[in-house]
Number of protein chains: 2
Amino acid sequence: MINSEGFSGKAPTIYDIAERAGVAPSTVSRALSKPGRVNERTRSKIAVIAAELGYVASTQAQSLTTGRTGSVALLVPDVTNPFYFDIIRGTQLELRARGFTLLLIDTEESAEIELQTLRQLRRTADGLILAASRLTDQQLAEEARRQPLVTINRPAADAPTVLLDTPEVMVQAVDHLASLGHKSITYVSGPTGSWSNHRRWHAIEAAASKRDITVRKIGPYLPNTSSGAAAGDAAIGTGATALVAFNDLIAIGMLQRFKARGVRVPEDISVVGCDDIFGADFCNPPLTTIASPIERVGRVAVSMLMAQLDAKPGDAARKLAVIPTYLKVRNSTGPAPRNPD
Amino acid sequence: MINSEGFSGKAPTIYDIAERAGVAPSTVSRALSKPGRVNERTRSKIAVIAAELGYVASTQAQSLTTGRTGSVALLVPDVTNPFYFDIIRGTQLELRARGFTLLLIDTEESAEIELQTLRQLRRTADGLILAASRLTDQQLAEEARRQPLVTINRPAADAPTVLLDTPEVMVQAVDHLASLGHKSITYVSGPTGSWSNHRRWHAIEAAASKRDITVRKIGPYLPNTSSGAAAGDAAIGTGATALVAFNDLIAIGMLQRFKARGVRVPEDISVVGCDDIFGADFCNPPLTTIASPIERVGRVAVSMLMAQLDAKPGDAARKLAVIPTYLKVRNSTGPAPRNPD
DNA sequence: AGCGTAATGGCAACCGGTAGCCAAGAACCG
DNA sequence: CGGTTCTTGGCTACCGGTTGCCATTACGCT
C-alpha cells in the first residue's frame, strides 16, 4: 500500500544477471539464446542466476534486433460468432505449441477496420491470419505483398489459403433434399462481401440445375440469429419448402422464428445450415448442417503461416489447403410437404 | 515471385522521415507524439511525409523506452466456452476504443499454464485480465503485487475484481422453484477450483435453508455439455425434481441427455442454468437461467485496469464492481411433478 | 536598443536485447 | 616446441524509438 505504483520494482535484465555472474551482458544473451555458443559451466551458472531472479526476456527488445515479434494476429469479423470459436481455439493452441502469442482482433465485419488493423500490425505481428476477410481481392493482394498472411475461407493471390470444402458438400445437401421430394430450394444468402457466400450459392445453383430443381435466393442477411429471424419471415412469404442457409446462425434464427410462428420443421419446411456450430446439435429441432473439423482449420492456417515465415527464398510454399466437410443429417430436414400452398 | 522473402522492403522509420523532411529524428518523434512541442509548419510537413510513406511507429521500440506496450492480456480457461465470448468481445471493444491491443490466452483450465503465462507476459503486457482464474488466493495475491491485474468472477487481495452478482439471484431461482412446488433442489456443481462455483452453492444452500427446502449437491463436473450429459444421468439416479446447474453448458448437456432418455423437461424435472449463454434461448426446451450483461463485464474490467495503470501513487482505486444479474424464466422450469418416485 | 523569456529543434544517451568482430587462451598437430 | 585452429567471452554498434538538456532564434516588453 505504500507505493501503489511499484509492482515489485523493475524486471531483471541481462545486465543484472551479467553483474551477478561476473560476465558480460552479451555472454548472458548467448547463454540464454544460443546454448552451444558458451561454455557449459558458464551457461549453467547463468541459467541458475536467471532462474533465481525470475528473469524473462523482454520480447520487445528482442524483436527490435531480431525482427521477430513472436506474435501472430488473428482477425475475425465477429468474436461472438460461434463459428470462429474453434478457429480461435485451433489457432491459439497451435500458436502456443510453437511459442507464439495470439493477438485477437474483432474487425466488426468492417473492411475498414480490417485494413486499418492490418497496417497497424505490420510491425507488431510476424504474420496475420484473416478469417473470412471482407477486403477486396485487390486490397488483399496488396496486403499479402506487404506481410506474411494466410486467409481462411477466402482465396487470395499471393497468400496461402485454407478453405472449407463446403461447396462440395452443398451438392450432397441438394441431393439430400431432392431425395426427400423437394422440388425447389431457397438459398438464404449471407453478407454480400463474403466470398464463401458466393461460392456456396453457385455450388447450389449448379447442383440444382443438374437435377431439375429450381433454386431461388433471398437475402442478403447478416450472419446472426436476429437476421435469421428476419430471413425466416421472408422465407415464409415465398412459400419455400426447403431452405439452405448461408450458415447455422441464420438457420437457427429461422428455426426460432418458425417455432414462434407455428411453422413446423421439418413437416412444413426443411432447413439446412452450414458450419455445425455450437448449438446446432441442441437447437429445436436439431439442425441438419454441413460439418467440418473447424479447429483444424486454425491449426492448418498457423502451420501455413509458419512455413511462410521460415521460407527461404525459392521455397515453393503450399498455397492451398482444403479441409473436408460432410453433411450431418439431423431433424430439421424431412419429406417435402404433400400439398404446399 | 522474384524474392519470396521481401515483403516490400523494410518499413519506414522516423529516420527516413527525418531525412526526407530535413530535420532530426527527434523532431519527427515529437511531431508525431507530442504535437504541441514543435512548430505547426514543421509538424504538418512531417505529418504529410509520414502519411506518404505509410509510416507506422514500431510499438516494440516505443515500449522499450516508455515502458508501455499498448497491449493487455486476457486469460480465459477455455475460449470455446460461449460464456467467455461476450467477455472477450467486451474487452476487445473497450480496449480497441482506448487504442490497446488484446492478447488472448486460453489457459486450458490449468493453473499451471495460467501461472506460466502470467510470468511470460510480465514484460509484454501492460496489464492482465483474469477471467475465472484457477489460481490459489496466494498465487493470485503474489501476481497482483507484481503487475497490474484485474480479476473477473474471482476476488483477490490487491487486485480489483469484477463480479457477477449471480448468488444474489440464486435466491430468486430458489424462490422460483419453491413457488412451483419443488421441495428439494439439487445443485450440479462445477469445477472444484472455481470460486464462483463455491459461491453459488453457498447461496443456494443459504436460501434453501430459510425456506424449508432441502438441498443436495452432485458433481463436480467440467463446464461443458458432455460433462452435463454425465450430470444428467447422475441427476436421474438421485430422483431429483429440480436442478440448478453451475452453468448453462452443464444445463444444456443435461437437457440433451434428458431428451435422449425420454425424461421430460419441465414435466418430470426442472432445470435452471446460469449465464444465459448463446444457445440458452433456443435449446429444447429454452432454458430458465440467470442472465447478465456479460459484455459489460469485459468493458468494466478494462476500465478498472486502465484506472490502475493511470493511477498516481495515493489514488484509491475502486476495488470491486458488481454487475447485476437477473433471473430469466423460460420453459425448462415448471411445476413439481405430483408424485415423484 | 537591450534584456528576459518562450518557442523550436538538434544532440546524445538510453531502453534491453542481439550479433559481428576480435583477442586471449586452450587444444591440437606435425 | 612452434604454429594453427578452435573455443570462449568481451567490446561495441545497432534495432527504432523517446527524452533531458542545451543552443539558437524569435518574440515581447520596458
Side-chain angles (χ1 to χ4, degrees), chain A residues 7 9-47 49-50 53-71 99 119-126, chain B residues 9-47 49-50 53-71 99 101 119-126:
Chain A
F7 287 97
K10 287 295 102 213
T13 70
I14 52 169
Y15 295 89
D16 300 326
I17 300 178
E19 195 176 352
R20 277 236 197 349
V23 299
S26 52
T27 303
V28 176
S29 172
R30 282 194 283 254
L32 263 23
S33 52
K34 30 197 74 158
R37 182 64 176 69
V38 301
N39 185 298
E40 170 54 25
R41 285 196 33 213
T42 320
R43 195 205 59 74
S44 70
K45 183 162 98 186
I46 289 174
I49 297 178
L53 262 43
Y55 170 77
V56 180
S58 156
T59 52
Q60 26 275 352
Q62 285 188 116
S63 71
L64 207 48
T65 45
T66 61
R68 289 286 178 104
T69 66
S71 61
R119 286 201 36 192
Q120 260 279 35
L121 264 41
R122 210 112 82 192
R123 312 275 288 270
T124 304
D126 290 339
Chain B
K10 288 294 102 214
T13 70
I14 53 168
Y15 296 89
D16 301 325
I17 300 179
E19 195 177 352
R20 277 236 200 345
V23 298
S26 53
T27 304
V28 175
S29 171
R30 283 194 280 254
L32 265 22
S33 53
K34 31 197 73 155
R37 183 62 176 71
V38 302
N39 185 298
E40 170 55 24
R41 285 196 33 213
T42 320
R43 195 205 58 74
S44 70
K45 183 162 98 185
I46 289 175
I49 297 179
L53 261 44
Y55 171 78
V56 180
S58 156
T59 51
Q60 26 275 353
Q62 286 188 121
S63 70
L64 207 47
T65 45
T66 60
R68 288 285 178 104
T69 65
S71 61
T101 308
R119 287 201 36 192
Q120 260 279 33
L121 262 42
R122 212 112 82 191
R123 313 275 286 272
T124 304
D126 290 340

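Below, read A as the first sequence line, B as the second, and so on, with proteins coming before strands; counting in each chain starts at 1. On a predicted model such as this, the values are computed, not experimentally measured, just so you know.
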query: Over how many whole Å does the gap from A:Ile46 atom CD1 to C:dT18 atom P extend?
result: 12 Å

- prompt: Between C:dG9, D:dC11, C:dG17, which nucleotide gets closest to the side-chain atoms of A:Ser26?
  reply: D:dC11

- prompt: Mind checking whether B:Ile49 and B:Ile46 have side chains closer than 4.5 Å, heavy atoms only?
  reply: no

- prompt: Of all the nucleotides listed (C:dG16, D:dT8, D:dC21), which has the minimum atom distance to the side chain of A:Arg37?
  reply: D:dT8

task: Compare all side-chain heavy atoms of A:Arg122 with those of B:Val56 and state whether any distance is below 4.5 angstrom.
output: no

- line: In whole angstroms, the gap separating C1' of C:dT18 from CZ of A:Arg30 amounts to 9 Å

message: Just the rounded figure in Å: distance from P of C:dG10 to CD1 of B:Ile17.
response: 14 Å

Nearest-neighbour nucleotide for the A:Arg123 side chain, C:dG9, D:dT8, D:dG17 considered: D:dG17

- prompt: Base, sugar-phosphate, or nothing for A:Thr42, non-hydrogen atoms under 4.0 angstrom?
  reply: sugar-phosphate

field: B:Thr101 vs A:Thr124 side-chain heavy atoms within contact, under 4.5 Å
entry: no

- prompt: Within this structure, what is the CD-to-P distance between B:Glu19 and D:dG17, rounded to whole angstrom?
  reply: 14 Å

- prompt: Would a 4.5 Å heavy-atom cut-off, applied to side chains only, mark B:Tyr55 and B:Ile14 as touching?
  reply: yes

message: I want to confirm an ordering. Mapping B:Leu64 and B:Arg43 to their closest nucleotides on DNA chain C, which one lands closer to the 5' end?
response: B:Arg43

query: Hey, does the side chain of B:Lys34 come within less than 4.0 Å of D:dT18's phosphate (OP1/OP2), counting only N and O?
result: no

query: Of all the nucleotides listed (D:dT19, C:dG17, D:dG17), which has the minimum atom distance to the side chain of B:Ile14?
result: D:dG17

message: Just the rounded figure in Å: distance from P of C:dG17 to CG of A:Leu53.
response: 12 Å

- prompt: Which nucleotide in the list C:dG16, D:dG20, C:dA19 gets nearest to the side chain of A:Thr65?
  reply: C:dG16

statement: Ranking D:dT18, D:dG17, D:dC15 by distance to the side chain of B:Ser29, first place goes to D:dT18

task: Report yes if a side-chain nitrogen or oxygen of A:Gln62 is closer than 4.0 Å to either non-bridging phosphate oxygen (OP1 or OP2) of C:dG17; otherwise report no.
output: no

query: Within the distance-only criterion (no hydrogens, no angle test), does the side chain of A:Gln60 pair as donor or acceptor with the backbone N or O of B:Arg123 below 3.5 angstrom?
result: yes

- line: Rounded to whole Å, OH of A:Tyr15 lies from P of C:dG17 at a distance of 8 Å

task: With the side chain of A:Thr27 defined as its heavy atoms from C-beta on, choose the nearest nucleotide among D:dC21, D:dG10, C:dA19.
output: D:dG10

message: Taking the nucleotide of DNA chain D with the nearest heavy atom to each, does A:Ala24 or B:Tyr55 sit closer to the 5' end?
response: A:Ala24

message: Can you measure A:Leu32 atom CG to C:dG17 atom C1' for me and round it to whole angstrom units?
response: 11 Å

task: Return the value, rounded to whole Å, for the distance between atom CG of A:Asp16 and atom C1' of C:dG17.
output: 13 Å

